[in-house]
Amino acid sequence: MSEAIKTFFSPSVLGPEIFYGSSVALFLIGLYMVLVKKNLVKIAIGLTFIESGVNLFLISIGYVWGKTAPILNKTLMMGTPSKEVVDPVPQALVLTAIVIGVAVTAMALSIVIVIHDKYGTLNISKIKELKW
Amino acid sequence: MVSPILLIAIPLFMAFSVPIWGLISKKLPKLVPFFTFAITTAILVSLLPTLFSGQQGFNLTSVTIAGIKPPYGINLTFGPASAFFALIIQLVALAASLYLFEYEPPEPAEKFYMLFILVVLGATGMVLTGDIFNMFVFLEITSISSYALTAINKTGHSAEAGFKYLLLGSLGSTLFLLGIALLYGSLRTLNMAQLSLYIHQGHLDPKVLMAVVVLFIVGLGVEAELLPLNGWVPDAYEAAPIPVVSILSGVVAKAGLYALARVLYTIIGIETGVLNLLLIFGILTLLSGELSALRQKDIRRLLAYSSIGQMGLIILALGGGNSPMAMVGGLFQAFNHAIAKGLMFLALGIMAAGFNKWDMESLAGVGKAKPYTTFLFTIGLLSTLGLPLFSGFWSKFLIIFGLVHSGQVVYAALALIGSVIEVVYFARLLGYLYGKDPSEELLNSTLESKKGFALLGMTFLAAFVILIGVYPDFITNFILGGTAELVYKSFYISSILGGI
């Protein structure tokens, strides 16, 4: 059984496309939540889904199948590090993007708290102005 | 020579030191934004002479950060276009920070001043950076602080407007990040000059390029108030405190506009047909903004829609980039719009001070109750209309002339129709402000003479409107240099990466 799973996830069968596919899926799920859901908290969660989708996409762009993390250690120093690690730049970008995403989510939720205090509901169709 | 990096470093330090000043004295935080922007404006002005040396008549300095040279490290660029937009941002911020002396922000006040400095800091960073991911980070600094400032009144209305802005803004910047990811995936660089070089050499698949163009326009269009993405504008302008509104229209929108122009002109390049896209988006934004402004009773909403219309006009002018004249007009209009709208919003804040009603009926006759403020407001209004002797005249003239010159006669005609609609609602507004007798309530509201510092800031902006209206040469050097910097890719690339 585990052999079958291993073959299924080996580069020859799926390849890195699985990452691209799932990042697109995450993005679309998030977009659906933002556009369709009526609950403000669910919309905020949808935003984090979209961000995760883009972050996964960035990471998979820099990922090289079968290579290791870009952390310099003794084993890496023996060979040629540049040929054995994945691209470190997207990982640095994603770290920044995750922090920014957390800030946006925190901001969104704190606004949602104020809205709930003032209107007593989280349903956007019951709040008078929040339509476009 | 002082380094342009101080334009970012000093506000960053000052923003986070606001609570410390607050410990010393409760009055001190109020002064911090003004002193910060006074210092940064002085630094910027002292840097300006370095721009106009060298053989082309202008020059672009690349500032390396942390000692790693441009293609690998982050760099700041200080050329005419960056300096021009930085100057717009600093001038509006300086006037708005003078207004803050007379404004009581919602508690805790320290937070308000901190966010206020951060918005301007982020916008300055967007304008100066030479690295596209760095631009995204500064975009997020600007937009997250402006979401917070929009919602800072903590009323139901402002929270709604803030959430609307947050939703559109964060979606937009995520799409911008996706565009950056696509570019990095194909070209393996984040430096704008190198990206521009690789795209120019044809290393990017045209399909990917098209996707990137769309993602960038949608991503930056939220801040630049493009048509389908500007649903937040009227609500945010109505709900946010007045100094914040002048910052939103004069600083945030201009930074978004610069980012759009930089990305589309320098990185993507105008030979790819993006100009038609800009023309269509621009004219739709212009006409929808002006038509919606016709129906507004609330002056803040009216000015918000007028602001959308003006941004549409600028985007339209950028789309006429086949003729440098339209492009020059567009950058000039960006300056005029920032100064005039900033002035109008600040003046409106004084007109409604101690009174807090914003519709035309309640403010009717304010020209008799608060003559000097209304006079300043009128200067901004006439400049927006494009009357001769006001700075708005030159830019509108250049845009229409440039559009006709590049063969876009239909767009020029439509832009003129937009201007006529503008005249209709602004004339009606002026009729209300001067033609009626002020109500008892208006006469009893706070006197304008008690708001001296705010008037000082507004007079400063109005002086610019008149000065440039009478003597446009004061600023044309900048705009010509800025246009050249944006359009001629090879100049930008070779200034940063060295000879090609």
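In the text below, chain A, chain B and the rest are named by the order of the sequence lines, each starting its count at 1. Computed over heavy atoms, backbone and side chain alike; hydrogens, waters and symmetry mates excluded.
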Quiz item: Got A/Phe27 and B/Leu175 here, is their nearest side-chain heavy-atom distance under 4.5 Å?
Solution: yes
Quiz item: Can you tell me how far the CG atom of B/Leu178 sits from the CD atom of A/Glu51, to the nearest 0.5 Å?
Solution: 12.5 Å
Quiz item: CG/B/Leu177 to CD1/A/Ile50 distance, rounded to the nearest 0.5 angstrom?
Solution: 12.0 Å
Practice problem: Using a 4.5 Å cut-off on heavy atoms from C-beta on, say whether the side chain of A/Leu93 contacts that of B/Leu190. | Solution: yes
Quiz item: Between A/Leu47 and chain B, which part of the residue has a heavy atom less than 4.5 Å away: side chain, backbone, both or neither?
Solution: side chain
Practice problem: Could you tell me the separation between the CZ atom of B/Phe163 and the CG atom of A/Leu40, rounded to the nearest 0.5 Å? | Solution: 4.5 Å
Exercise. Tell me, with the steps shown, if A/Ile100 and B/Ile144 meet side chain to side chain contact (heavy atoms under 4.5 Å, CB included).
Key: CA-CA 9 Å; A/Ile100 291 171; B/Ile144 295 176; 4.3 Å; yes
Quiz item: Distance from A/Ile124 atom CD1 to B/Glu160 atom CD, nearest 0.5 Å?
Solution: 11.0 Å
Quiz item: Atom NZ in A/Lys118, atom OG in B/Ser158: separation rounded to 0.5 Å?
Solution: 8.0 Å
Self-check item: A/Asp117 versus chain B, the contacting section by heavy-atom distance below 4.5 Å
Solution: neither
Quiz item: Quick one: OG1 on B/Thr174 to CZ on A/Phe49, what's the gap to the nearest 0.5 Å?
Solution: 14.5 Å
Quiz item: Side chain, backbone, both or neither: which part of A/Val34 has a heavy atom under 4.5 Å from chain B?
Solution: side chain
Quiz item: Are any non-hydrogen side-chain atoms of B/Arg188 and A/Ile61 less than 4.5 angstrom apart?
Solution: yes
